[in-house]
Amino acid sequence: MFLYAKLIAFVVAMALSGALWVFLHSTDLGKAMRAASQNRDVASLMGINPNRVFAVAFGLALALAGAAGSLLMPFQSAYPFVGQVFVLMAFVAVVLGTLGNVIGALVASLMMGVAESLGIQFVGADSGLIVVFAMFLLTLVFKPNGLGGGKAR
Amino acid sequence: MKYLGTQRALWLAIGAIVLIALPHVVTSSFAIDIFVRILLFSFIGVAWNLMGGYAKQLSLGHAAYFGLGAYTSTILQINYGISPWIGMVAGGGVAMLASLPIGWLCFRLRGPYFTIATIATAQALMLVFLKFRDLAWGAEGTTIPNLGNAPLMMQFEAKAGYYYVVLGSAGARAGDYLQHRKIPDGILPRRDRRG
């Protein structure tokens, strides 16, 4: 059965990721955010208030998490622990795609999704996540700073 | 113990006597259960502190090694009839062996990359134990048979028995700490040492 809810979730998630990328790269506030995360002291010398920027980043991050939750609800049941597995997966995706790299996180999520499906298909119905974690650890052996980072610093 | 002053040694001795006498003074099994837990958590805390405190590595994968030790002694007792007194040491050995490849992998990483890698290994190990039911009873787990009063199999009628087992382990660890109170040389991973 084709679920339009999944298509909508995919399209909205992609649109939000794109909007986030544009926000981080072409608005003053987004640039200030990246500057403050790279070097807090120098950023504050340039007239950026790191506390304010971090507060905005925190709010924005939680808004995006809330959006993700509401997008998932049409095809997931709602229960108190519903966020746990997604939070871990989100953390893995962000680290795999290098911290602070939106495109890297997108590529990493795609890799994780494919790895999970392949695991379910070829290893066993309940082993999708084992394959995801194995793929994650093997990737970090070769790219210690994630997909978007160069060699180990 | 040569680092200890007389006053400190006195306080230590008083503390040790209080801890040893405690289950005879407070005899409610509920209270002793809580003491056992306190000591167990302090023991786990010491184990984590070695990693997160001294070596400054934020590892969130310690649950994996706790579980490996628990499974080792349980499997040894149920499948081979070996006493947990031996399983206790064997569990530590198995956890140490498992940490060699995991540590090789994780210590190449820094900061959040290290942390998430330790979580990933712990999660992967948990999933392996969930999936391969022949290995260790799958999701429902198991309980070791109740043998009544069998000190050789680490089962005691009185709760105080368990108290002394944990007190002994935690006390041994505390003594070890007092002997080398300095941070051991070379505990920092090579990538984090200065110079």
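What you see is a predicted model, and the numbers here were worked out from it, not measured in a lab. No hydrogens, no waters, no symmetry mates; every other heavy atom, side chains included, goes into these values. First the proteins, then the strands, lettered A, B, ... as listed; each starts at 1.
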Are [X] and [Y] in one and the same hydrophobic cluster, where Ile, Leu, Val, Met, Phe, Trp and Tyr link if side-chain heavy atoms are under 4.5 Å apart?
X	Y	value
B/Val165	B/Ile34	yes
B/Ile20	B/Leu39	yes
A/Val123	A/Met89	no
B/Tyr164	B/Phe41	yes
A/Tyr79	A/Leu72	yes

Neighbour count >12 (heavy atoms, 6.0 Å) for atom CZ, A/Arg34: yes
Heavy atoms from other residues, nucleotides or ligands near CG of B/Asn79 exceed 12 (cutoff 6.0 Å): yes
Nearest heavy-atom neighbours spanning B/Ala117 and A/Phe136: CA-CE2, 4.0 Å
Minimum-distance pair of heavy atoms, taken over all atoms of B/Tyr113 and A/Leu99: OH-N, 3.0 Å
Residue among A/Val95, A/Leu138, A/Val132 with most heavy-atom pairs under 4.5 Å to chain B: A/Val95
Side chains of A/Leu88 and B/Gln123 in contact at under 4.5 Å (non-hydrogen atoms): yes
Residue pair A/Leu140 / B/Phe114, side-chain heavy-atom distance below 4.5 Å: no
Side chain, backbone, both or neither of B/Leu130 within contact of chain A (heavy atoms, under 4.5 Å): neither
Residue part contacting chain A, namely of B/Leu127, when any heavy atom lies under 4.5 Å: both
Euclidean distance, B/Lys131 NZ relative to A/Leu129 CG, rounded to 0.5 Å: 12.5 Å
Distance (rounded to the nearest 0.5 Å) between B/Leu125 CG and A/Phe133 CZ: 11.5 Å
